[in-house]
Amino acid sequence: MESHIAITTDINIADAYQMLVDPKSGGICTFIGTVRDLNNSKEVNNLFFEAYEKMALLKMEVLAEEAAQKWPLNKIVIIHAIGKKEITEPVVFIGTSSVHRDAAFQSSRYLIDRLKEVVPIWKKETYQDHSTWINAHP
Amino acid sequence: MESHIAITTDINIADAYQMLVDPKSGGICTFIGTVRDLNNSKEVNNLFFEAYEKMALLKMEVLAEEAAQKWPLNKIVIIHAIGKKEITEPVVFIGTSSVHRDAAFQSSRYLIDRLKEVVPIWKKETYQDHSTWINAHP
Amino acid sequence: MKVHAFGVAKDITGAAMIDFPMEETFVKVKDFKDLLYQKYPDLINLPSLAISVNLFYASEETVINKHDEVALIPPVSGG
Amino acid sequence: MKVHAFGVAKDITGAAMIDFPMEETFVKVKDFKDLLYQKYPDLINLPSLAISVNLFYASEETVINKHDEVALIPPVSGG
């Protein structure tokens, strides 16, 4: 299993996809989190992400290893963006490739769920007139 | 809900992704089927796909409508390749965008499962010394 | 009647479009398949053979007329 | 002891890196948090505040020394 883990200011989807391509894989599942214009009925202007980079990268490595133990995966990509992100921009890219699609779907779902729970990254939402850090997990 | 349904000789992943981007969506799930080097322990040289195009496009439209009735989706992309496809090339691209990731994951999984069951497209596998049409569903 | 054939069914019939002789104006799918199997016995060996009529999967009882768009659909394997 | 602070915890402490006065060489996480809450009472209002020690989430009983890399981890919200 090969994994590519990164924290970056801009996520390039085509590049991230290329890192999942694998001659032994028949299925690639990706999940991309994007900035949406509305959260809890409030109009969002933009998001700002901050990470405890060293620890976040370590946690993401550990999650990739956990996923590789649970499913037969060939490639794993986990990339999170930091900094200011506008509506529709990607903030997180999760991808897995495997021989069959079951493993690819299940592991991608697992990775995004776990990332949201444990990886030390914080989101600040900016609305028309103010901004606030989001407390999501726990 | 907007859908983009196509049968094409080459799938461009970045273009397909762009068609899923949506200001109301926080999650985009994609599944890409790729040619792998081994099937049932046989070394595959390449695949060849043939479609009953008019009917395949109609079925894909119907599947997109079914998914949009089951889940709150903003964008749906279903693209299938035809012609000769080499190892690692994408043969099918499924993608959905939604406010939340649950709907995106579940609908992408539904669409690829149903596509494999009902859409009139046929795959011929070419090995070292011969080739054969694959009878998958039913 | 013009009949489209795909995948392995095309290999058996020898052409992507066959001109299938029909004496009646209307015929049920099950009777059409009987005639088809007489002319192309190898089709019987397929795990399944669906017939589409005007782009929809037909049942055995669906009635075809010679102006319909008919196709032979062996087991699909897309994706 | 140098302590990293992130997100809303950084807003409360006023800096990404605070120099936290420690008399003892070793301190348990729970005692460290008590001292922290005395100095920055607004931290008590957070839904949770985890402490990481050398890049791992620590328990209340984990012992910190002044050379460890310690960070204040308010509820995460990545993804």
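Chain A is the first sequence line, chain B the second, and so forth, proteins listed ahead of strands; every chain is numbered from 1. Heavy-atom basis, side chains included; hydrogens, waters and symmetry copies ignored.
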ask   = For the residue pair D:Tyr57 and A:Lys59, what are the closest heavy atoms and their distance?
value = CE1-CE, 3.3 Å

request  = Report the distance from atom CZ of D:Phe56 to atom CE of A:Met55, rounding to the nearest 0.5 Å.
outcome  = 8.5 Å

ask   = With chain D, which of A:Asn135, A:Val119, A:Leu115, A:Val118 has the greatest number of heavy-atom pairs at distances under 4.5 Å?
value = A:Asn135

task = Could you pull out the closest heavy-atom pair between A:Trp133 and D:Asp11, with the gap in Å?
result = NE1-OD2, 2.8 Å

key: D:Pro74 portion near chain A, given a 4.5 angstrom heavy-atom threshold   = both

Other residues, nucleotides, ligands: >12 heavy atoms within 6.0 Å of A:Lys84 NZ = no

key: Whether over 12 other heavy atoms sit under 6.0 Å from D:Lys66 NZ   = yes

request  = Write down the atom of D:Pro75, the atom of A:Pro138, and the distance for their closest heavy-atom approach.
outcome  = CB-O, 4.0 Å

message = Please classify the contact between A:Ile134 and chain D as side chain, backbone, both or neither, with a heavy-atom cut-off of under 4.5 Å.
response = both

query = Does any non-hydrogen side-chain atom of D:Leu72 lie less than 4.5 Å from one of A:Tyr52?
reply = no

query = What part of A:His80 gets closer than 4.5 Å to chain D, counting heavy atoms only: side chain, backbone, both or neither?
reply = side chain

ask   = So what's closer than 4.5 Å to chain D heavy atoms on A:Trp122: side chain, backbone, both or neither?
value = both

task = State the CD1-CD1 distance between A:Ile121 and D:Ile73, to the nearest 0.5 angstrom.
result = 11.0 Å

key: D:Glu24, CD: over 12 other non-hydrogen atoms inside 6.0 angstrom   = no

request  = Sort A:Ala56 into side chain, backbone, both or neither according to what part of it lies under 4.5 angstrom from a heavy atom of chain D.
outcome  = neither

remark   = Here the gap from D:Ser48 atom OG to A:His137 atom NE2, rounded to the nearest 0.5 Å, amounts to 11.0 Å

key: Proximal component of D:Asn54, with respect to chain A [non-hydrogen, under 4.5 Å]   = neither

Within 6.0 angstrom of A:Glu2 CD, more than 12 heavy atoms from elsewhere = no

task = To the nearest 0.5 Å, tell me how far A:Lys54 NZ sits from D:Ser52 OG.
result = 9.5 Å

inquiry  = Counting neighbours of NZ on A:Lys116 that are heavy atoms of other residues, nucleotides or ligands and sit closer than 6.0 Å, is the number greater than 12?
reply    = yes

